[in-house]
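Structure record follows, encoded as structure tokens.
All figures in this text were calculated on a predicted structure; none of them were measured in a lab. So that the names make sense, note that chain A is the first sequence line, chain B the second, and so on, each numbered from 1.
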Number of protein chains: 2
Amino acid sequence: MTDIKSGINPLFLREEDLRQGIELLYFAYRDFTAEPDAILAEYGFGRAHHRVIHFVGRNPRITVSELLAILKITKQSLSRVLGQLVREEFIVQHEGTQDRRQRLLELTPTGIALERRLSESQRRRFADAYRHAGAEAVEGYRKVLMGMISEEDRERVFGPKSGDDGD
Amino acid sequence: MTDIKSGINPLFLREEDLRQGIELLYFAYRDFTAEPDAILAEYGFGRAHHRVIHFVGRNPRITVSELLAILKITKQSLSRVLGQLVREEFIVQHEGTQDRRQRLLELTPTGIALERRLSESQRRRFADAYRHAGAEAVEGYRKVLMGMISEEDRERVFGPKSGDDGD
DNA sequence: GCATATATGTCAACATGACTGACATAAAAT
DNA sequence: ATTTTATGTCAGTCATGTTGACATATATGC
């Protein structure tokens, strides 16, 4: 079944390395979302809810537009999950102070609790992998993935202030 | 909007590092699938088709059961995309030689062409990130992600033969 | 102040890719 | 001969994305 993965000449190996890097990302992402998915299912939530909880938790008082810009989904898609989270009191909306059209989003204590629970699972997984791989490897992980995401995301999320690559 | 990300004490920083690692994976995965998604759309295919093409390409003459075990989806889900790929002649099925119940899957020349096109986009992205980050970083990337995927996937995909961690 | 632009929300219809459950067929294994 | 396995199929459901159209309140520009 597998006569393709052996690694004979350096050119072949190089392509094989790339392919392995690709699969690694696929499997890591999948395994990485499995635990949170199970937790979310208890609440009748899905992965979309997780993303909203995550980014609202990390950016308290974020506006709906900013959230949309991060998630890159339509407002109709967002509104379904966000509406649910607001109705079930995981997130509250405050009217913007300067611009009263805005709905500033924030986690409620319940929301914070769920966020902790979800991220704990993922932080543990990362912490284990980090500890196993060593600090140098972590730096490599960061560098490679940082090079793979769009500049837009790099700037928005890892900020002009926090060291993005050059340290 | 962002009063949470500054990094003051080491304990806080550590958690922030973990959170950054998590987001990095999310954004990388998303940006990473964007290009192939656009290509697939030309053919009326989706991400599910890509995965099938990828794993059949990498494991010529794979059985349906093996493919299901890798993808971890139901046969009903697989059958829709696989059926389409077979009907549109990107994949062929051969009857198994030892076990005639099996349908061994293989890419057709057309399938190979599409696979090349899809993976080229991703290989380029990886190659760029790799080149940018350096060989050491690549090793780190590999180590960290390898530590994050399930043993099952590690063994199946990165094989008992190919060096999985210890080199 | 009036016209326009912006931030947000909502209704409706649709696509993709997952799921469960039930059932069918051919071939292998006991 | 019976049971198990590999595969396929029908039917219904769910989560999450999409497009397009329209509504409301507030801000902004002239």
Notebook entry, point to check: Between A:L78 (CG) and D:dT19 (C1'), how many Å, whole number?
Noted result: 17 Å
Check: To the nearest angstrom, how far is B:L68 atom CG from D:dT5 atom P?
Finding: 16 Å
Next item on the list: Using atom CG of A:L82 as one end and atom C1' of C:dA7 as the other, report the distance to the nearest whole Å.
Entry: 13 Å
Margin query: When you compare the side chain of B:E95 with that of B:R101, does any pair of heavy atoms fall below 4.5 Å?
Written below: no
Margin query: When you measure from the side-chain N and O atoms of A:R51 to the phosphate of D:dG17, is any distance below 4.0 Å, counting only OP1 and OP2?
Written below: yes
Margin query: Just the rounded figure in Å: distance from P of C:dG17 to CD1 of B:I53.
Written below: 11 Å
Checklist line | Closest-nucleotide ordering on DNA chain D, the 5'-leading residue of B:L104 and A:Q84 | finding: B:L104
Next item on the list: Indicate if A:I70 and A:I73 have the same hydrophobic cluster label, given that clusters are the connected sets of ILVMFWY residues with side-chain heavy-atom separations under 4.5 angstrom.
Entry: yes
Item checked: Proximity to the side chain of B:S77 - top-ranked nucleotide from D:dT16, D:dT7, C:dA18 -> C:dA18
Check: Can the ring centroids of A:F27 and B:F55 be said to lie less than 6.0 angstrom from one another?
Finding: yes
Item checked: Length of the CG-C1' vector between B:D37 and C:dG17, whole Å -> 13 Å
Notebook entry, point to check: Can A:R19 and B:Q122 be counted as having a side-chain donor-acceptor contact under 3.5 angstrom?
Noted result: no
Next item on the list: Using whole Å, report how far CG of B:L40 lies from C1' of C:dT16.
Entry: 12 Å
Next item on the list: Only pairs at least two apart or in different chains count here, so list each ring pair (Phe, Tyr, Trp, His ring centres under 6.0 Å) that has a residue in residues 72-116 of chain B.
Entry: B:Y43-B:F90, B:F45-B:F90
Notebook entry, point to check: If you check every side-chain atom of A:K75, which of C:dG9, D:dT16, C:dG17 has the closest atom?
Noted result: C:dG9
Item checked: Main-chain N/O of A:E89 paired to A:T108 side chain as donor or acceptor, under 3.5 Å -> yes
Item checked: From C:dA18, C:dT8, D:dT18, nucleotide with atom closest to A:I73 side chain -> D:dT18
Note to self: If you only use heavy atoms from C-beta on, which nucleotide in D:dG17, C:dG17, C:dA7 is closest to the side chain of B:R80?
What the structure shows: C:dG17
Check: Whole-Å distance between D:dT16 C1' and A:L85 CG?
Finding: 14 Å
Note to self: Checking contacts here: which listed nucleotide (D:dT19, C:dA18, D:dG8) is nearest the side-chain heavy atoms of B:Q93?
What the structure shows: D:dG8
Note to self: Tell me the interatomic distance from B:L67, atom CG, to D:dG8, atom P, rounded to whole angstroms.
What the structure shows: 11 Å
Item checked: 5' precedence on DNA chain D between B:S79 and A:G46 (nearest-nucleotide basis) -> B:S79
Next item on the list: Would you indicate which nucleotide in C:dC19, C:dG9, D:dG8 comes nearest to any side-chain atom of B:Q76?
Entry: C:dC19
Next item on the list: Please determine, for the side chain of A:V64, which listed nucleotide (C:dT8, D:dT16, D:dA6) has the closest atom?
Entry: C:dT8
Item checked: Backbone of B:M148 reached by a side-chain donor or acceptor of A:R125 within 3.5 Å -> yes
Item checked: Phosphate OP1/OP2 of D:dA15: any A:H49 side-chain N/O under 4.0 Å -> no
Dump the pairs, protein N or O against N or O of nucleotides 27-30 of chain C, anything under 3.5 Å, distances to one decimal.
{"unit_1": "C:dA27", "atom_1": "OP1", "unit_2": "B:R100", "atom_2": "NH2", "d": "3.0"}
{"unit_1": "C:dA28", "atom_1": "OP1", "unit_2": "B:R100", "atom_2": "N", "d": "3.2"}

Next item on the list: Determine yes or no for a side-chain-to-main-chain donor-acceptor pair under 3.5 angstrom, with A:R103 supplying the side chain and A:T63 the backbone.
Entry: no
